[in-house]
Amino acid sequence: MESTYHKHAASPINWKDQGRGALWDSFGMLSPRRQLRNPVMFVVYVGSWLLLALFFHDLVVRNGEALFTGVIDLWLWLTLIFANFAEALAERQGEAQANSLRQSRQEVTAKKLSKPVRDASYKEVPGASLRSGDFVLIEAGDLVPTDGEAVAGVAAVDESAITGESAPVIRESGGDRSAVTGGTRVISDWLIIRVTQEAGHTFLDKMIAMVEGAARRKTPNEIALSILLVVLTLVFLVVTVTLFPFSWYSVHYASHSGSVISLTVLVALLVCLIPTTIGALLPAIGIAGIVRLLQSNVVATSGRAIEAAGDVDILLLDKTGTITYGNRSAAAFYPVLAVTQETLAQAARRASLADETPEGKSIVMLAEKHYPQSRETLPPEAQLIPFTAETRMSGVDWNGQQLRKGSPDAMKLWVQTLGGTWPMDLDGVVQKIAGDGATPLVVSSGATVLGAIELRDIVKADIKSRFAELRAMGIRTVMVTGDNPLTAAAIAAEAGVDDYLAEAKPETKLARIREYQNEGYMVAMTGDGTNDSPALAQADVGLCMASGTQAAREASNMVDMDSNPTKLLEIVQIGKQLLMTRGALTTFSVANDVAKYFAIIPAAFVSTYPQLSALNIMDLSSPTHAIMAAVIFNALIIPFLIPLALKGIKFRADSAQHILRRNVWIYGLGGIIAPFIFIKLIDMLLVVL
Amino acid sequence: MISTTILTAAVLLLTILLALPLGRYMHHVYAGDRFWATRLMGPVERGLYRITGVSADQEMGWKRYAVALLIFNLIGGVFLYALLLAQGALPLNPLHFVGVQGGSAFNTAASFITNTNWQDYSGGSTMSYLSQMLGLTVQNFLSAATGITIVLPIIRAIARHKTKDLGNFWVDMTRTVLYVLLPLSALFALILMEQGVVQTLTGEVRADLIAPFISGGKTILHQIMHVGPVASQEAIMMLGNNGGGFFNMNDAHPFENPTALTNFLETLAMILIPSALVFMFGHMAKARRTAWAIMISMLLLFIPLTLVSQHYELAGNPVLTQLGISQANTASLAGGGNMEGVEDRIGAGATALFATLATATSTGAANGAYDSLMPLSGGVNLFMMQLGEVVFGGVGSGLATFLAFMIFAVFLGGLMVGRTPEFLGKKIESFEIKMTSLSILVMPLLVLIGTAIAVTTVAGRAGVFNPGAHGFSEMLYAVTSPANNNGSAFGGLSSNTRFYNLLTGMCMLLGRYWTYLPLLALAGALVEKKKIPAGSGTLTTYTPIFIGLTVGVILLVGALNFFPALALGPIAEQLAPISTLTH
């Protein structure tokens, strides 16, 4: 079903204000404690202080090195600022997004009663303001604002958003059918509930904590990547530190000319070699993943879940709401013997004219489509018989004609009470309709049965192509439905899912998930009913609808504020994109080192071995310019890549092979070539300046 | 150039043709299948287990496996150390060599148990026959077998799932020696003997000179030539990637490598088992296409580098060219090119091919003087080792390190396709990255820090004979080779000093055990993981783009670690203007 919650447009990223704020933040983040959290950038931090000290030393001793050291040091500090800026900007966006989501939650309204009586006065309040013990009146058409317990009334409740069952269920006070679930909809009669669960902000609070620096915890892949970056940093530290004795030996024992590599050049080389680009952007990439999730109104309770979403092999999707529209529509009329199609259609239309449910409207539409000539309106004296949970039928008394439609067993009872007979061939028709994956409704006029209407699930228009996309990405889809296997198979074939789970009960769902996991697959599912909780907890990614019960929310690791189960597909994309961005920028960062070597190594050693100028393949103007250009490129590439880190690299639903080819060319080969061009350009600018 | 290219192609092609059935054979051996070989050798194998009390079907976890490996190597090392010290008092010493000096004995013991076979001594004039046969040749077998026992658990970790069992070290060791190394080297030794490689227990041979000459007022009529059990050691030293020659001249010596055919076969023998292990991996891990991808990656790394080396060798020395000395490719000039330190019967091109293969694998043998290679060819030797010995690499250890690099490539590639990286169905998470990094990190640290120590200490610089950038290359080589368990020597450096014995000895031990223990721990973690079924969303490890990524990662890691050092050594030397060299 489509969301009936207030859908707020993802708040647009306000680059200007957030950028200004983030810029201030990035200076504040220059404390050693904060820098220590990012080992790669901490090395730059230490180097910056070191060169600052050296700069003052050079100034005092007037050795002519001060300008060079000062320029390099300035760019090292800028490198740090840029890195901080990336993180701060991502944080600010995350907070802004979380706040706007928090506001939107409060716009769900509830009719809060002063006392649990039908006629008591009520006040419309935001759903989020409800507290445990409050009484709320829910009338036909209203959403249940939060979990509660019915204390008065009887109503038919559409729980399809939670259970996937299209048929409404009865909720009444007392007994074991008194629990109502937030997000479900009362479709007939009314209920008074006592709130048992506050619609709190716990998820949002958790989410905000994930965005903000202090509480942010690294996800498994982020940890693995950080280890790799630390190792690279360590190796390059040794490479540069040992370069000093190598240079010293070459000057004093091998070549007897030139000067030993200076501390400034060593620090510059180190900073250029260590993976500062990815090191600076890594926190921002992670936060941006959460922000993208928030923008699609999904709240994750852990970063781990977002990553896991990228790994999902199998999606368990509820049929109703995800694959089919939540409500069924009339597809065909089946008159019994001696009744014409037109008579049946006419009667069905009349019986449904006052029926405001989507199913009822669809019957009217179908009748008018077949017989456009008969479009009479409801006579004023007609008496409406609304659907109730007790009778499970509805209709109208039209000029003394008792027109009724309802489920076959309810109608059988009704007709027999009136002394009518149940036609022999109708059972066959009813069975045939059910066998085709549809729902039969029987129509009668007085004690005479006229025939049956076929109500059919309508498969969403674009869903088949989305499943095909998923298949190309290596993700299998499994449809979960309470329908019988025949019905399920028919819809599964129409929607193009890979597999289906019919007559699904919570236990069978759980068992199926375990089965897949034992085969080594990662499983994602959506759910919201309390009875879904074990399965949600078992699944690697459990997406709970905002309308879900508290238990279901706690069992799952993501909550969709729109209660739109199709969101799972989007979440998988966000998860994949997050990992792809990290991988691509790591590759890019490391590949950049090649060009930096070609800039710095000849510059550093040309005084010792003049022939090494042959390695200056970029033809940089002078050794100092070469080193400056490399350091400046290394710093500038960070802000240059911030938009990419925050938006994520381009995602295309494609097989792993194609994605890898694309990204290796762009970020691997591009990472090798791009710095050659930009370092040369920066060098040309330095000459002009 | 054309004939050298044909030679290179022939060696590589024939190796692959032989490695394919050998790989399948080894797969059967380690799977414990019953087939013709077990019918032949099975009773011996079972007899050995009965005597030693090994229960063959008892599998080990990674820790027990690692402990068994370490203890076995430790005992072997201590035994060899004691044997070398005591050789003067032991039999089979026809030339009456005294016991080996302590520092050298430690260095040699470390060298031979780690499959490095770095020799700080001159074999033919230091070691008694007992030391050569019971000490060195035995360790040639055992250290090579140890290399294979390193890679077997890693392959099993990929093939198996949800278990802790990685195989039984004693069984793997026994089967390697019994079914693979002994039969192959026996066969190879016979071929070598047929070609004239000596195999005898006689101490020396006296030959009448055809052209007697006068030296120091005395007419020299005879020449005393050392001989000995050469063919048997030669066979295993090539097949097992040991490379420690019987004579100091190694494969340049006519008694070790007399003919063009022996040179061809010895070249081929270096990469036979490493290549076969790749195909064995394909069978064991049921990943034959990935095995081919590994083979192709290795060739992609090897061929361009060996062509560079061959090119510079055949182009000859530019200084000589400038002096108008012909280095043309003619038969009378033994093929021409840079003939310094090259045997006439082998030629410059074949020497370059041999040199690149000896350093690409961990063989470290030499059929010429590596110190006399052109600077960039020597640089190729260095770089082959500095890649981490992954191009074919040492027996077992090479494939193990290659798989570690592949895990790196899988990690980057996996992230780039948007999934938690997985290698052949096994998830690569932080522990795996930690262990892989630890393993790959050790070698560059050893080389860089070791060289830094050598250049900054008087003792380190004392060994250098050559001035200029070449002297730096020599020190870099002297640390690179042991740290990679290669064992080849650049020469030009007196390495039998207390300083270098200790430095290189430590490099060998750390380079071996610090590199491979983390990989065993990695195997221990991988084997417990469940296998994720492959789909179109998973990264395939045999596509051209993945091969490119793997090769790129290996080259990048190697280049980034060593480019500055290489720039100050071979690159500076090669680029040196001729004017500065001629005076």
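Below, read A as the first sequence line, B as the second, and so on, with proteins coming before strands; counting in each chain starts at 1.
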Heavy-atom side-chain proximity of Leu225(A) to Phe411(B) below 4.5 angstrom: yes

One option among Asn663(A), Leu660(A), Val231(A) has the most heavy-atom pairs under 4.5 Å with chain B, and it is Leu660(A)

Chain B interface, residue from Val241(A), Val312(A), Thr242(A) that has the most non-hydrogen pairs under 4.5 Å: Thr242(A)

Euclidean distance, Tyr521(A) OH relative to Lys530(B) NZ, rounded to 0.5 Å: 11.5 Å

Side chain to side chain, Phe546(B) and Val664(A), heavy atoms closer than 4.5 Å: no

Interatomic spacing from NZ in Lys576(A) to CG in Leu415(B) - rounded to 0.5 Å: 11.5 Å

So, the part of Lys529(B) with a heavy atom under 4.5 Å from chain A: the answer is neither

Give the member of Ile453(B), Leu476(B), Leu539(B), Asn466(B) that has the highest number of heavy-atom pairs under 4.5 Å with chain A. Leu539(B)

Contact class of Lys434(B) relative to chain A, heavy atoms under 4.5 angstrom: both

What part of Val464(B) is in contact with chain A, defined as an atom under 4.5 angstrom from a non-hydrogen atom: side chain, backbone, both or neither? side chain

I'd like to know which of Gly569(B), Ala469(B), Ala454(B), Gly425(B) tops the heavy-atom pair count under 4.5 Å against chain A. Ala469(B)

Determine whether Asp311(A) and Lys427(B) make a side-chain contact, defined as any pair of heavy atoms from C-beta on separated by less than 4.5 Å. yes

Pair count under 4.5 Å, heavy atoms only, with chain A: among Ile545(B), Thr538(B), Asn561(B), highest is Ile545(B)

Most contact-rich option vs chain A, by heavy-atom pairs under 4.5 angstrom, among Leu412(B), Leu568(B), Leu441(B), Val447(B), is Leu568(B)

Side chains of Leu560(B) and Val239(A): does their closest heavy-atom pair fall under 4.5 Å? no

By a 4.5 Å heavy-atom criterion (distance strictly below it), what part of Phe408(B) contacts chain A: side chain, backbone, both, or neither? side chain

Below 4.5 Å, heavy atoms only, C-beta onward: do Ile571(B) and Tyr609(A) meet side chain to side chain? no

Honestly, the part of Phe431(B) sitting under 4.5 Å from a heavy atom of chain A is neither

Within the 4.5 Å heavy-atom criterion, are Pro444(B) and Val238(A) side-chain neighbours or not? no

Where does Thr451(B) contact chain A at under 4.5 Å (heavy atoms): side chain, backbone, both or neither? both

How about Arg461(B) and His252(A): do any of their side-chain heavy atoms sit closer than 4.5 Å? no

Rounded at 0.5 Å granularity, tell me how far OG in Ser255(A) sits from CZ in Phe472(B). 13.0 Å

Chain B contacts, top residue of Gln611(A), Glu307(A), Gln577(A) (heavy-atom pairs, under 4.5 Å): Gln611(A)

Under 4.5 Å from any heavy atom of chain A, what part of Leu448(B) do you find: side chain, backbone, both or neither? both

Between Ala534(B), Pro533(B), Gly418(B), which has the largest tally of heavy atom pairs under 4.5 Å with chain A? Gly418(B)

Side chain, backbone, both or neither: which part of Phe246(A) has a heavy atom under 4.5 Å from chain B? both

Distance check, rounded to the nearest 0.5 Å: Tyr542(B) atom OH versus Gln657(A) atom CD? 7.5 Å

Highest number of heavy-atom pairs under 4.5 Å with chain A: which of Ile433(B), Val553(B), Thr420(B)? Thr420(B)

If we only count heavy atoms from C-beta on, is the Asp313(A) to Arg419(B) side-chain gap below 4.5 Å? yes

Non-hydrogen atoms of chain A under 4.5 Å away: do they reach the side chain of Leu549(B), the backbone, both or neither? side chain

Measure Thr540(B) against the heavy atoms of chain A and call it side chain, backbone, both or neither at under 4.5 Å. side chain

Measure Thr456(B) against the heavy atoms of chain A and call it side chain, backbone, both or neither at under 4.5 Å. both

